[in-house]
J.: 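Structure incoming, see below.
If you're wondering where the values come from, they're calculated on a predicted model, not measured in any experiment.
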Amino acid sequence: MSTYAVEATDLVKIFGKERAVDGISLQVPKGIVYGFLGPNGAGKTTTIRMLATLLKPNEGHAKVMGYDLTQEADKVRHSISLTGQFASVDEELSGRENLIFIGRLVGYSRKQAKQRADELLQAFQLEDAAKRQVKKYSGGMRRRIDIAASIVTSPELLFLDEPTTGLDPRSRNQVWDIVRALVKNGTTVFLTTQYLEEADQLADLIGVIDRGKLIAEGTSKELKASIGAGSLTVHFDDLDELKKAQNIFVSRFEQQPDINEQDISLTIMIKEHAKAAKAIGELANTNVQIKDFSMSQPSLDEVFLTLTGNVPDHEGGDSSNE
Amino acid sequence: MNKPSTIEEVLTNRTRPKSPTAIQASATFAWRALLRIRYVPEQLFDVTIFPIIFLLMFTYLFGGAISGSTGEYLNFVLPGILVMTVSMITMYTGLDLNKDIEKGVFDRFRSLPIWQPSVLVGALLVDTLRYLIASTIMVTLGYILGFRPEAGFSGVIMGVAILLLFSFSLSWIWTMLGIIVRSEKALMGISMMFLFPLTFLSSVFVDPSTMPNWLQRFVDINPITFVVDAVRTLIHGTEANGDVMIVIYISIALIVIFGPLTMYFFKNK
Ligand SMILES: Nc1ncnc2c1ncn2[C@@H]1O[C@H](COP(=O)(O)OP(=O)(O)OP(=O)(O)O)[C@@H](O)[C@H]1O
Ligand SMILES: [Mg+2]
């Protein structure tokens with residue numbers, strides 16, 4: 001038995017003249033969360049659709065759960081589940097009807113399908129909305145029913161295409177908890193995201209994709225080592241304090257912070273969080289008056305800036321989940 | 001079983017039942033289509049309003065002019081407009097599918113280990129039910145207006161049955177177009193372009209022997225003419241000619257050609 005959930009070699013997908021996926025090779029070990037990180041139009045959805053047997057690659061080949069993607073498509077379908085980026089259940093039907101419907105399609109009897117639907121609705125806290133049409137659901141409920149529909153029978157490999165785009169932090173956390181529970185139970189999760197934070201929180205292994213190419217791969221620790229932990233921004237009451245702080249930062253960290261005179265603030269890139277704490281302590285020790293300070297994760301743009309030397313051009317449609 | 005389930009618990013269920021048979025899967029998709037009608041009953045407008053308008057219009061507008069009396073014309077024309085109306089309605093099958101397929105849910109269907117054509121077969125079966133509703137409305141309304149089938153009730157049933165077979169087969173063309181054509185408007189245009197000449201230049205309204213020669217030649221090879229003649233034969237019990245068999249052959253041919261083509265485009269979309 002293969003130890004990999006996905007083994008892809010040089011996958012290429014061409015739409016017209018565009019190489020939407022341009023030679024991607026992946027090895028995703030079983031039992032982990034693989035985070036596929038990239039901006040709009042990078043080729044995330046196209047890659048997933050190929051791996052889920054929906055699109056034929058123009059070049060390259062892949063094995064999914066040990067089965068050949070093209071030769072054994074039916075066996076692949078037996079082991080996977082797909083939660084697409086957009087409407088992945090029937091919006092006209094109620095949540096319960098959708099789950100019963102999928103239950104019937106995977107082969108449950110009517111009674112089993114109903115029972116399974118009710119279990120899932122309860123587990124995903126959707127009982128109150130069970131009889132409501134999915135098009136009347138909130139964004140977070142939508143995503144939960146989408147995922148519930150994907151685990152009517154627990155798949156060995158679950159594809160989640162941008163499961164949290166457009167969700168508020170609370171709903172996002174719920175989805176994250178679901179993903180963690182899935183992995184704990186042995187499902188391999190392949191998810192795409194545009195947020196570094198999400199990949200950082202969930203993924204054991206992160207692949208960064210841009211313009212159809214895999215430009216970096218590693219654990220979040222490894223990627224961060226090359227990108228840095230983020231930035232520290234400090235606000236001051238007046239420009240004098242700002243100047244004092246700037247001098248301290250330059251002498252201690254051998255790094256020139258970005259100065260914003262309008263906001264009376266400075267921003268500095270840091271490698272690790274401990275360094276940030278130290279910097280704040282340093283300012284306090286030398287009696288520099290701080291108004292407030294904040295830390296921020298590196299943005300996807302910063303990741304790309306570091307990895308490719310340029311910020312991705314945000315082409316290729318929007319990703320909002322309306 | 002009323003204990004609260006958590007996500008962890010619902011995940012422990014790893015047994016995967018056997019995939020449904022082709023028939024079970026098709027029936028499940030048909031069930032989905034029926035549920036959708038329950039939520040959006042307006043979907044049935046085309047199969048209710050259309051037949052009523054057509055029947056009233058042709059009976060009273062043209063009846064007197066063409067046959068001298070509306071009653072006599074109704075007996076002649078009802079099987080014709082029945083075929084015309086139901087053939088026209090088949091077009092909506094493609095339009096609905098076209099709208100439906102734009103949404104992501106088809107990706108899920110296609111990633112399931114099921115007999116893939118069941119997605120479409122299920123929808124078409126329910127559409128055939130819609131054609132049946134349209135037929136029933138027309139025959140009933142016709143009866144109220146004075147239509148009298150000479151072969152009685154059983155003749156009507158046989159006539160409608162052959163019409164449903166033909167419509168189901170014809171739907172595969174629209175289904176295929178529904179998959180390849182991008183916009184709903186374009187699809188509507190293409191469908192009309194075929195359906196209008198085919199239904200009007202046929203034996204629906206008048207006996208082809210009253211037409212000029214060149215037109216007769218087209219009308220005689222028009223599949224709709226065969227269907228109209230077959231339905232008329234069955235409903236009025238006139239001498240059985242080969243029309244019924246020909247319609248069966250046409251229907252099989254349509255399925256054999258457009259079924260696999262549709263599936264090809266569906267899989268490679
Ligand atoms: N069916 C298609 N026909 C033509 N071009 C396509 C098709 N699907 C995707 N593309 C193009 O391929 C490129 C990659 O698209 P893809 O949807 O895979 O990106 P993505 O990473 O999922 O982006 P997003 O974050 O916006 O979802 C885009 O430029 C897109 O326009
Ligand atoms: Mg996408």
J.: Can you confirm whether B:Ser19 sits close enough to A:Val106 that some side-chain heavy atom of one is under 4.5 Å from a side-chain heavy atom of the other?
T.: no
J.: Looking at A:Leu54 and B:Arg110, what are the two nearest heavy atoms and their distance?
T.: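 Shortest heavy-atom separation between A:Leu54 and B:Arg110 comes out as O-NH2, 2.8 Å.
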J.: Once you round to the nearest 0.5 Å, how far does CD1 of A:Ile102 lie from OG1 of B:Thr28?
T.: 10.0 Å
J.: Under a 4.5 Å heavy-atom cutoff, which of B:Lys267, B:Lys18, B:Arg32, B:Gln116 has the most pairs with chain A?
T.: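 Option with the top pair count is B:Arg32.
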J.: Other residues, nucleotides and ligands only: do more than 12 of their heavy atoms fall within 6.0 Å of NZ on A:Lys63?
T.: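 No.
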J.: Got a second to check how far B:Phe109's CZ is from A:Leu105's CG, nearest 0.5 Å?
T.: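 Rounded to the nearest 0.5 Å, the CZ-CG separation comes to 7.0 Å.
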J.: What do you reckon, is CZ of B:Phe200 surrounded by more than 12 foreign heavy atoms closer than 6.0 Å?
T.: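 More than 12 within 6.0 Å, yes.
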J.: How long is the span from the OG atom in A:Ser94 to the CZ atom in B:Arg38, to the nearest 0.5 Å?
T.: 7.5 Å
J.: Side chain, backbone, both or neither: which part of A:Ser109 has a non-hydrogen atom closer than 4.5 Å to chain B?
T.: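 Looking at A:Ser109, nothing touches chain B.
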J.: Side chain, backbone, both or neither: which part of A:Ala148 has a non-hydrogen atom closer than 4.5 Å to chain B?
T.: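 Neither part.
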J.: Quick check on A:Phe15: does its CZ atom have over 12 non-hydrogen neighbours (other residues, nucleotides or ligands) under 6.0 Å away?
T.: yes
J.: Do other residues, nucleotides or ligands put more than 12 heavy atoms under 6.0 Å from the CE atom of B:Met158?
T.: no
J.: Sort A:Glu91 into side chain, backbone, both or neither according to what part of it lies under 4.5 angstrom from a heavy atom of chain B.
T.: side chain
J.: Most heavy-atom pairs under 4.5 angstrom with chain A, which of B:Ile114, B:Asp100, B:Leu112?
T.: B:Leu112
J.: Just so I know, are the side chains of B:Arg108 and A:Leu82 near enough to count as touching, which here means a heavy-atom distance under 4.5 Å?
T.: no
J.: Evaluate whether atom CZ of B:Phe54 has more than 12 neighbouring non-hydrogen atoms of other residues, nucleotides or ligands under 6.0 angstrom away.
T.: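 Yes, enclosed.
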J.: Aromatic rings B:Trp31 and A:Phe101: how do their planes relate, parallel, tilted or perpendicular, breaks at 30° and 60°?
T.: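 Rings of B:Trp31 and A:Phe101: tilted, 30 to 60°.
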J.: Does the side chain of A:Glu97 come under 3.5 Å of the side chain of B:Tyr39 through a donor N or O and an acceptor N or O?
T.: yes
J.: Looking at every heavy atom in both B:Pro17 and A:Gly107, which two are closest together, and how far apart are they?
T.: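 Heavy atoms only, the tightest pair is CB-O, 3.7 Å.
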J.: For the residue pair A:Arg77 and B:Ser111, confirm or rule out a side-chain donor-acceptor distance under 3.5 Å.
T.: no
J.: Around atom CD1 of B:Ile23, are there more than 12 heavy atoms of other residues, nucleotides or ligands at under 6.0 Å?
T.: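 Result for CD1/B:Ile23: open.
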J.: Can you tell me which of A:Arg104, A:Lys56, A:Gln133 forms the most heavy-atom pairs within a distance under 4.5 Å of chain B?
T.: A:Gln133
J.: Report which part of A:Ser79 has an atom under 4.5 Å of a heavy atom belonging to chain B: side chain, backbone, both, or neither.
T.: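 Backbone only.
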J.: Counting heavy-atom pairs closer than 4.5 Å to chain B, which one of A:Ile100, A:Thr53, A:Leu93 comes out on top?
T.: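 Ranked by contacts with chain B, first place is A:Leu93.
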